[in-house]
Number of protein chains: 2
Amino acid sequence: MSNYREQFKKLLKQNGLKITAQRLEVPSVLASCPDKHLTAEEIYELVKVGCPDIGLATVYRTIQLLLELSVIDRINLDDGCVRYEIGNLGAGPEKHHHHHLICVECGKVTSFEDDLLEELEEKIERTTGFSIVNHEVKLYGICKECGGKLLEKK
Amino acid sequence: MSNYREQFKKLLKQNGLKITAQRLEVPSVLASCPDKHLTAEEIYELVKVGCPDIGLATVYRTIQLLLELSVIDRINLDDGCVRYEIGNLGAGPEKHHHHHLICVECGKVTSFEDDLLEELEEKIERTTGFSIVNHEVKLYGICKECGGKLLEKK
DNA sequence: GTCCATGCAAATGATTTGCAGTATC
DNA sequence: GATACTGCAAATCATTTGCATGGAC
C-alpha cells in the first residue's frame with residue numbers, strides 16, 4: 001500500500017517531528033525489501049540512490065527515531081552488525097516478529113509462526129511467574145534446501 | 001568441583017595449547033560467578049586480582065579461545081556489550097543454555113528449562129523442515145518479584 | 001632453544017556527537 | 001524567523017592486531 005508513506009507522515013506530525021526527505025527515504029528503503037534484514041551501512045547505500053547527499057550519521061539518527069516510533073525492528077544475528085527490518089505499521093504494538101530461523105549453511109533468515117511461540121511463553125509464565133512482554137528468538141540450523149543438498153552429496 | 005581446573009588443563013594439552021596463569025585465571029573467574037553474565041571488561045577487572053599484570057587484549061584472546069573450546073558461552077543481551085558465562089565442561093556439546101528470561105524492571109537474567117524449548121523446536125522442525133542445531137532465546141518481561149512489587153504500589 | 005603466548009600501543013569498525021549551516025513549519 | 005534537522009568530521013567504545021619481549025615445554 002502506498003498510504004504507508006502518509007501514515008508515516010502523520011506519525012511524525014503527531015510526535016512534533018519535521019517531515020524531511022531523509023526521514024521519508026529511510027523507511028521507504030526498508031519497506032521495499034521487507035525480508036532483507038539490512039545493516040545501517042546497507043541502508044545508507046540504498047538511501048543514497050533517492051537522496052544522494054544524505055550522511056551516514058543521519059541514517060543512524062533516523063534509524064534510532066524509527067526504532068522509537070516502532071516503525072522498524074532491530075535484529076541482531078551476531079554476525080558483528082545490527083540489522084533492521086520494517087515493522088508492520090498500524091498492526092498494533094503486539095505484532096512483533098523477532099523470531100528467526102537462521103541457516104548456518106546458506107545464511108538465509110526466515111521467520112516462523114507466532115503461535116508456536118505463544119504456547120511456549122504461556123507455559124513459561126505458568127511455571128515461573130514471569131510475565132513476558134517481548135521476545136527475541138534465534139534458532140540456528142539447516143534449512144530444508146541445504147539439508148536436501150547435503151543429502152545429495154552423500 | 002575443584003577438578004574443573006584439571007579438566008581444563010587436560011583440554012588445553014589435548015589441543016596443543018600452553019598452560020599459562022592467564023588461561024587458568026579467566027575460566028576460574030567465570031566459574032566463581034556462574035550466573036553473573038560478565039562483560040569482557042568486568043572479567044578483566046576480576047582477573048587482575050589474581051593476575052595483576054594481565055592485559056585486556058589477553059582477556060579477549062582467552063575469551064575467544066574458551067569460546068572455541070566450548071568452555072564458556074556468549075550471551076548478547078543487546079545492552080551494548082557482549083557477556084560471557086561458564087559452560088558445563090564435559091556435559092557434552094548438546095547442553096547449551098542460551099535461553100534467558102530478562103526482567104525489564106530489575107534487569108535480572110534467569111534461565112528456563114530446556115525441555116520447554118525442545119517441544120517448540122520439534123514442532124518447528126516438523127512444520128518447516130528446518131533442522132535446528134542451536135538456539136538463542138531471550139524473553140523480555142517482568143519477573144515474579146517485580147510483578148509483586150508493582151501490584152503493591154497500586 | 002624453540003615457539004607460542006603476552007603486554008602494550010596502535011588500528012579497526014560500528015556508532016555517536018559537536019557544531020555550524022540549512023530546511024521545515 | 002525560530003528552531004529542529006542535517007552533513008561533516010572528530011570522538012567514542014568495544015574489540016582486534018602487530019610486534020618485540022617473556023615464559024612454557
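Keep in mind it's a predicted model, so treat the numbers as computed, not measured. The figures that follow rest on heavy atoms only: side chains count, while hydrogens, waters and symmetry mates do not.
- Note: CD (B:Glu25) to P (C:dG7) measures 12 Å, nearest angstrom.
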Can you pull every protein N or O that's under 3.5 Å from an N or O on nucleotides 13-17 of chain C?
unit_1 : atom_1 : unit_2  : atom_2 : d
C:dT15 : OP2    : A:Tyr60 : OH     : 2.3
C:dT15 : O5'    : A:Tyr60 : OH     : 3.3

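- Between the CG atom of A:Leu24 and the C1' atom of C:dA23 there is a distance of 14 Å, rounded to whole Å.
- The bend of the helix from C:dG1-D:dC25 to C:dC25-D:dG1, defined by the angle between the axes of its first five and last five pairs, stands at 30° to the nearest 10°.
- Along DNA chain D, the nucleotide nearest B:Ala21 and the nucleotide nearest A:Thr62 are compared for position; the residue whose nucleotide lies closer to the 5' end is A:Thr62.
- Between the C1' atom of D:dT6 and the CG atom of A:Leu12 lies a distance of 15 Å, rounded to the nearest Å.
- Atom NZ in A:Lys48 sits roughly 17 Å away from atom P in D:dT6 (whole-Å rounding).
- Here C:dC25 presents its C1' atom at 10 Å from NZ of A:Lys13, a figure rounded to the nearest Å.
- Environment of NZ in B:Lys48: crowded, with over 12 heavy atoms of neighbouring residues, nucleotides or ligands closer than 6.0 Å.
- In this structure, A:Ala40 and A:Val59 approach most closely via the heavy-atom pair O-CG1, 3.9 Å.
- Contact check on B:Glu145 versus B:Lys108 returns a salt bridge, with a Lys/Arg side-chain nitrogen under 4.0 Å from an Asp/Glu carboxylate oxygen.
- Considering only residues two or more places apart in sequence or on other chains, B:Glu119 meets the side chain to side chain donor-acceptor pair (under 3.5 Å) condition with A:Lys123.
- In this structure, the OH atom of B:Tyr44 is 14 Å from the C1' atom of D:dA14, given to the nearest Å.
- The shortest non-hydrogen separation linking B:Ile102 to B:Val109 is CG1-CG2, 4.3 Å.
- The two atoms that bring B:Ile132 and B:Glu125 nearest to each other are N-OE2, 2.7 Å, heavy atoms only.
- In this structure, A:His100 and A:His37 have perpendicular ring planes: the angle between them is above 60°, well past the 30° mark.
- Listed by chain and residue number, A:Asp78 satisfy the side chain to side chain donor-acceptor pair (under 3.5 Å) test with A:Lys138 (two or more places apart in sequence, or in another chain).
- Contact record, A:Pro27 with A:Leu66: CD-CD1, 4.0 Å, taken as the closest heavy-atom pair.
- Salt bridge absent: A:Lys36 and A:Glu42 never bring a charged side-chain N and a carboxylate O closer than 4.0 Å.
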Polar atom pairs between nucleotides 2-5 of chain D and protein, under 3.5 Å, N or O only, would you list them?
unit_1 : atom_1 : unit_2  : atom_2 : d
D:dT3  : O2     : A:Lys18 : NZ     : 3.1
D:dA4  : O4'    : A:Lys18 : NZ     : 3.1
D:dC5  : OP1    : A:Lys18 : N      : 3.4
D:dC5  : OP1    : A:Arg23 : NH1    : 2.7
D:dC5  : OP1    : A:Arg23 : NH2    : 3.1

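- Every side chain to side chain donor-acceptor pair (under 3.5 Å) that A:Glu121 has, sequence neighbours left out, goes to A:His135.
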